[in-house]
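Reading through the structure tokens given below for one structure.
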Amino acid sequence: MTKALIFILSTLIGFHCFAQNKPLSPILPSPVVYKKEDGKLYLPQELSIQSEQFSTQAIKQFKLLLSSFHSLNLKDSSGEPMIRLRELKNVRPDSYSISINEDILISYASPASLYYAMHSLMQLIQSEDGAKYIDKAFIQDYPKFEWRGLHLDVSRHFFTVDEVKRYLDLMAIYKFNKFHWHLTDDQGWRIEIKAFPKLTAVGAWRDSTLVGHFTTSPRSYKKERVGGFYTQEEIKEVVSYAKNRHITVIPEIEMPGHSRAALAAYPEYSCTGIPKGVPGLWGVFDDIYCSKEESFIFLKHVLDEVVDLFPGEYIHIGGDEAPKTRWNQCEKCKEVINANKLKDAHELQSFFITRIEKYLATKNKRIIGWDEILEGGLSPNATVMSWRGFQGGIEASKKEHYVIMSPGSHCYFDHYQGKTKNEPLAIGGYTTLEKVYQFNPIPEELNSEQANYILGGQANLWTEYITNIEQLEYMAYPRAIALSQALWCTDKPDFTTFYNVLNSTHLKLLDGLKVNYSKTSQQANVILKSEENGLQIELDSKDQGEEFKVLIQYQNEFKNETRHLKSKQPLIIERAKKQTQLLKLSFTSKKTGLKSNLILTKHKALGIPVNYISHPNQQYNHAPTILTDGQRGSHPWRGHEWIGFDTSTIVLELEFPKKIKVKKVDLSFLKSNGSWIYLPNEIEIENCSKKRKNIFKCQEINTEIIQIKIGQRSNKLRIRIETNKAIPIGLPGNGHKPWTFIDEIVIH
Ligand code: ACM
Ligand code: ZN
């Protein structure tokens with residue numbers, strides 16, 4: 001792939017990227033240059049243009065945008081038109097500029113950059129007493145990354161062609177150019193393959209779907225036949241719709257794992273041959289494509305039809321989460337390992353992917369795979385999509401492979417975006433608007449040559465818990481706009497600047513389009529901090545003048561307390577002197593009426609800072625007081641509420657300002673074996689106030705809340721937790737070190 005040409009024009013003009021005191025650009029993603037000038041250009045109802053300068057497609061898109069965003073028309077002009085065009089030569093093909101003065105001059109380098117210019121223009125048009133105008137300005141722009149992607153999983157929940165088109169329309173506004181269409185997975189095969197009609201006749205339908213979260217026990221199912229698929233004509237329609245918006249569609253055909261729907265239709269391509277049906281449960285399944293010759297022939301036929309439908313250079317072949325359980329037991333797979341002198345099943349996966357890569361190369365296609373394709377050896381020309389953090393991407397770029405960064409920490413939009421219980425059920429995690437905004441696809445440790453292999457980034461929308469288009473929009477927006485900044489801006493403005501533009505302009509735009517975006521980012525952040533006598537609660541609002549009414553209800557006391565707090569004004573909850581007590585706090589914004597709740601256990605260690613002798617994993621280490629902030633981590637698991645460890649021994653200390661009576665200690669753990677999170681093996685608590693070793697143990701741990709009796713006075717407790725060494729055979733993640741998640745150490 002050739003790196004984009006240097007944008008000569010930018011250096012000629014000598015503009016300054018986001019210097020201080022610059023006027024705010026209303027355009028998002030923010031352009032490289034926005035220079036506001038005095039005056040306004042008023043627009044007539046019909047904008048004149050010399051249409052022979054445009055392609056028919058460009059004119060069609062321009063008309064569509066003007067009428068749908070602003071109810072304006074475009075008319076052909078033979079004289080001096082309102083909108084003039086100039087094609088640029090020898091500049092980056094994705095660059096454009098717009099000059100708004102007595103008329104509008106758009107300079108563009110390619111059909112795509114002309115389209116970007118049109119969207120920027122749409123965002124500049126304002127209304128005043130029914131009149132349309134644009135502030136006079138000069139805009140110059142080009143993207144930082146060439147891969148600006150959004151993904152959509154249509155397997156876990158199916159989305160119609162019209163819904164996919166709406167998704168593409170919103171992507172186009174924010175200049176995304178790659179649509180990763182996750183068309184196959186365990187729970188549904190969604191693309192018609194004429195050679196294998198059962199893939200959709202059988203594989204596109206399931207008879208039940210899990211209700212509630214994966215970790216809920218016991219599980220229950222909605223017994224209803226659901227599913228759907230796209231005919232090849234519909235696929236072509238979507239690909240063409242995307243192309244008209246300068247978006248390339250990358251289909252994902254998952255292999256060798258996440259293939260239960262295909263194997264429900266054709267069990268002969270599994271290792272066991274046993275039909276198992278299309279599952280209504282989420283997770284990772286042992287049954288994957290067998291690596292025998294027949295499976296390759298099947299996949300080649302499938303891919304033959306896929307490549308004909310998608311003109312882009314890439315096919316995503318999945319490659320993630322493929323347990324080797326069946327391969328290790330299968331005689332045919334063992335034969336492939338032996339015949340090809342492979343070391344083990346991991347090398348077999350690499351062999352499998354490389355065969356597919358070579359086959360697709362004969363069709364002039366390149367492959368992308370999730371970062372597991374690094375295990376057992378990366379196939380020669382594969383591009384890696386790094387999802388388990390940045391590490392896979394770092395490793396691949398050092399091996400001179402192209403990379404798309406899509407780490408769970410910043411780019412998984414199926415994660416929660418807020419802390420309150422008002423959020424719709426999600427898979428877990430905690431990825432705020434600001435966290436997305438801070439995403440930088442290029443890790444610091446890469447040198448500039450290695451960084452050249454990072455094509456860009458992408459957010460993923462897995463839909464286990466996203467059941468309809470409204471919820472999809474809630475999870476995607478406004479986070480996708482923050483991502484567009486991270487991927488487009490050469491020098492992105494600070495978060496507050498972005499937030500102001502988002503709020504003042506873009507949320508209205510989304511309102512106009514009836515997008516069900518999340519308002520979570522508009523709510524004050526509840527910040528809990530250690531304080532000398534207990535816990536300090538602070539509401540941090542982006543609007544610093546915001547005021548809140550706080551209602552505090554005390555358990556077992558028939559009194560409520562009302563307080564009034566300003567943003568950042570502290571509210572202190574003192575730690576318990578005697579009994580543990582439950583408090584319910586609710587905060588209502590006097591300005592917006594938005595309300596959030598907090599349930600708090602007032603106990604003897606409330607607000608005591610925990611001394612971490614063993615360090616938590618960076619990814620799950622959210623706030624220093626989290627273990628003593630009065631709140632137990634909730635179920636299903638939500639990322640920000642738990643501290644996660646991946647060490648064999650965990651040692652923590654709690655030191656009190658003076659000796660207190662410790663009757664018993666509660667420790668809460670999370671058990672979510674499907675997510676590799678296990679209960680520990682053994683807990684010891686040492687009362688360090690005693691001269692002689694005074695240790696209290698718990699060795700049989702089979703519940704999430706463990707209570708250990710102490711019955712002594714103490715000013716320092718040391719807690720030592722021994723965890724499991726490895727996940728047992730036969731369970732997801734077997735052989736790996738399990739996670740230990742802890743929240744709230746309650747002292748009674
Ligand atoms: C993934 O999220 N399993 C790629
Ligand atoms: Zn096999």
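Residue numbers start at 1 and run along the sequence shown. Computed from a prediction, not measured in an experiment: that's the story for all the values here. Start at 1 and go down the list; that is how both ligands and their atoms are numbered. All heavy atoms count here, side chains included; hydrogens, waters and symmetry mates do not.
In this pair, Trp370 and His316 present their aromatic rings tilted. The plane angle is within the 30 to 60° band. Relative orientation of the Phe310 and Trp181 rings is perpendicular, given thresholds of 30° and 60° on the angle between their planes.
Between the SG atom of Cys290 and the SG atom of Cys330, the angle centred on the Zn ion (ligand 2) amounts to 110° when rounded to 10°. Between the SG atom of Cys333 and the SG atom of Cys271, the angle taken at the Zn ion (ligand 2) works out to 110° after rounding to 10°.
The side chain to side chain donor-acceptor pair (under 3.5 Å) test with Thr520 is passed by exactly one of Glu423, Arg479, Gln417: Glu423. Residue Phe296 forms a ring pair (Phe, Tyr, Trp, His ring centres under 6.0 Å) with just one option from Tyr289, Phe352, Tyr359, and that option is Phe352.
Only the side chain of Glu321 comes within contact range of ligand 1, with a heavy atom under 4.0 Å; no backbone atom does.
Annotation for ligand 1: atoms under 4.0 Å from non-hydrogen atoms of Trp462 are 1 (C), 2 (O), 4 (C). Every atom of ligand 1 with a heavy atom of Trp387 under 4.0 Å away is listed here by number and element: 1 (C), 2 (O), 3 (N), 4 (C).
Among protein heavy atoms, the minimum distance from atom 3 (N) of ligand 1 is reached at Asp320 OD2, 2.6 Å. For atom 2 (O) of ligand 1, the nearest non-hydrogen atom of the protein is Tyr412 OH, 2.6 Å.
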Pair Trp739-Tyr620, ring pair (Phe, Tyr, Trp, His ring centres under 6.0 Å): steps then yes or no: CA-CA 10 Å; Trp739 288 94; Tyr620 303 109; 5.2 Å; yes
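With Tyr314 as the aromatic partner, Lys365 does not meet the cation-pi criteria of under 6.0 angstrom to the ring centre and within 45 degrees of the ring axis.
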